[in-house]
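Before any comments, here is the structure.
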Amino acid sequence: MQPSVTYEGIREEYPPILTLRSDKSICQIALHGAHVLSFIPAESKDLLWISDQAHYREGKAIRGGIPICWPWFGAHPSEDSKPSHGFARISTWEVVRTGTEEGNPYAVLALTTSAETKQLFDYDFLLELKVVASESLQVSLTTTNQDTRSFVITEALHSYFDIADITKVRLSGLEMKSYIDQLQHNHRFRQEGPVTIDREVDRIYQNGDACRIDNPLGIYSVTPTGSRSTVVWNPWIDKARRLSDFSDEAYRRMLCVETANIGDDRVTIAPGESHTIRVTIKKEE
Ligand code: TA6
């Protein structure tokens, strides 16, 4: 099979999507939010989870896959009226180029300053997402400051993984790392041993190292570059029920391990400078 990059819609009302296809994997990306929807290595199931109640419309983030949180993570620091997790994931991006690199299909999408973005983030910027699909999935988000003033961002590649049964997951690689527990008044703790999940978890770890998600579907590696924070989130029963795009039992199937720069790890970018955060996802077994 020749590696290819093609446009194809998967649902009538769905924004256009790109499909990166080779004999190693298939990856789909929606232009809405430059949102990686799926990554299916050969002879495997999708490593990413998408809600069967996801919204596919303007102004809404798609629940699942890899939403891009930019230029802020979580609630806006001072203006509640601004969209949670920033505006990158609810904007329509442009396809800049596609092709193959060492036999692997890739796509580069871009979002840049507009009147709408200036309302929310009063700086000139260029944001580029590069996705390369091989046996692994490499997602790189590059911010370039096109303004005359420095600006500060927080960011995340907010990856949702399909792990089949949350009660049978062990997340390793965060041992002895400190973390902020967003469910315990942002108090700091230190991780003892692998992370297992038996309740709502929403933690920001001080971490730039690779993690491994050992689950009933296999072992997934999540390797960050240019990232010093890792967020681990599962909404569990009550929060999942409060989310309109989450079926009640869906919390059992998913786990977020997010490659980020948040809080003390925020990034200051000087005029003309660029910064890249990257995650490489692979099914190891
Ligand atoms: O994953 C970390 C987090 O900030 C959680 O607190 C939860 O809110 C999640 O992101 C999803 O946020 P969203 O705005 O997509 O519902």
Side-chain angles (χ1 to χ4, degrees), residues 30 32-37 48-77 79-91 120-121 139 141 153-163 166 169 171 174 177 179-189 191 195 197 199-207 211 213 220 222 224 227-248 250-266 277 279 281:
H32 177 65
H35 197 120
V36 175
L37 301 167
L48 301 178
W49 174 86
I50 280 253
S51 170
D52 56 9
Q53 299 183 7
H55 303 295
Y56 304 109
R57 60 172 183 269
E58 211 50 45
K60 276 298 281 181
I62 298 168
R63 177 71 64 193
I66 306 180
I68 296 171
C69 304
W70 189 96
W72 60 84
F73 180 87
H76 186 274
E79 297 178 61
D80 286 347
S81 62
K82 293 187 173 181
S84 170
H85 287 321
F87 54 82
R89 67 178 188 166
I90 55 175
S91 300
L120 297 167
F121 182 67
V139 180
L141 180 70
I153 62 167
T154 54
E155 60 187 348
L157 299 171
H158 191 300
S159 306
Y160 287 74
F161 293 95
D162 186 340
I163 43 77
I166 191 66
V169 168
L171 172 62
L174 297 170
K177 300 288 174 77
Y179 67 89
I180 292 168
D181 191 331
Q182 298 205 92
L183 303 174
Q184 297 192 59
H185 311 293
N186 287 342
H187 287 174
R188 278 185 188 277
F189 299 86
Q191 181 62 38
V195 179
I197 312 272
R199 69 198 71 185
E200 182 180 356
V201 166
D202 195 349
R203 301 174 185 167
I204 301 173
Y205 285 82
Q206 283 284 331
N207 174 60
C211 294
I213 309 171
Y220 307 158
V222 181
S227 157
R228 293 190 303 276
S229 318
T230 297
V231 180
V232 178
W233 178 59
N234 182 285
W236 209 247
I237 300 168
D238 294 345
K239 177 143 192 189
R241 286 210 174 113
R242 296 197 298 269
L243 295 169
S244 66
D245 51 3
F246 228 111
S247 59
D248 288 355
Y251 75 93
R252 292 178 181 278
R253 282 208 68 97
M254 52 67 67
L255 176 66
C256 283
V257 178
E258 305 159 36
T259 303
N261 285 304
I262 303 173
D264 298 345
D265 299 323
R266 59 189 170 280
I277 185 171
V279 66
I281 294 165

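Small disclaimer: the values here were computed from a predicted structure and weren't measured. Counting starts at 1 for both ligands and their atoms, in listed order.
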Distance-only N or O hit between ligand 1 and Glu258, under 3.5 Å: yes
Selected option - heavy-atom contact closest to atom 14 (O) of ligand 1, from His158, Gln182, Arg89: Arg89
Heavy-atom nearest neighbour of atom 6 (O) of ligand 1 within options Asp202, Leu243, Ile262: Asp202
Leu48 side chain reached by Ile50 side chain, heavy atoms, under 4.5 Å: no
Main-chain N/O of Trp233 paired to Asp202 side chain as donor or acceptor, under 3.5 Å: no
Min N/O separation His85 to ligand 1 under 3.5 Å: yes
Ring geometry between Trp72 and His76 (parallel below 30°, tilted from 30 to 60°, perpendicular above 60°): perpendicular
Show which side-chain atoms of residues 61-71 pair as donor or acceptor with protein atoms under 3.5 Å away, not counting sequence neighbours.
| residue | atom | partner | partner atom | Å |
| --- | --- | --- | --- | --- |
| Arg63 | NE | Asp245 | OD1 | 3.0 |
| Arg63 | NE | Asp245 | OD2 | 3.3 |
| Arg63 | NH1 | Tyr160 | OH | 2.8 |
| Arg63 | NH2 | Asp245 | OD1 | 3.3 |
| Trp70 | NE1 | Thr143 | OG1 | 2.9 |

Top protein contact for atom 13 (P) of ligand 1, by heavy-atom distance: Arg63 NH1, 3.7 Å
Verdict with supporting geometry, His158 and Glu258, side-chain contact (heavy atoms from CB on, under 4.5 Å): CA-CA 5 Å; His158 191 300; Glu258 305 159 36; 3.2 Å; yes
Arg203 vs Val195 side-chain heavy atoms within contact, under 4.5 Å: yes
Residue-ligand contact Ala61/ligand 1, heavy atom below 4.0 Å: no
Ligand 1 versus Cys256: contacting region, heavy-atom distance under 4.0 Å: neither
Mode of Lys239 contact toward ligand 1 - side chain, backbone, both, neither (heavy atoms, under 4.0 Å): side chain
For Phe73, atoms of ligand 1 separated by under 4.0 Å from a heavy atom: 2 (C), 4 (O)
Residue Ser84 vicinity, atoms of ligand 1 by number, heavy atom under 4.0 Å: 14 (O)
Aromatic ring pairing Tyr220/Phe161, orientation class (parallel under 30°, perpendicular over 60°, tilted between): tilted
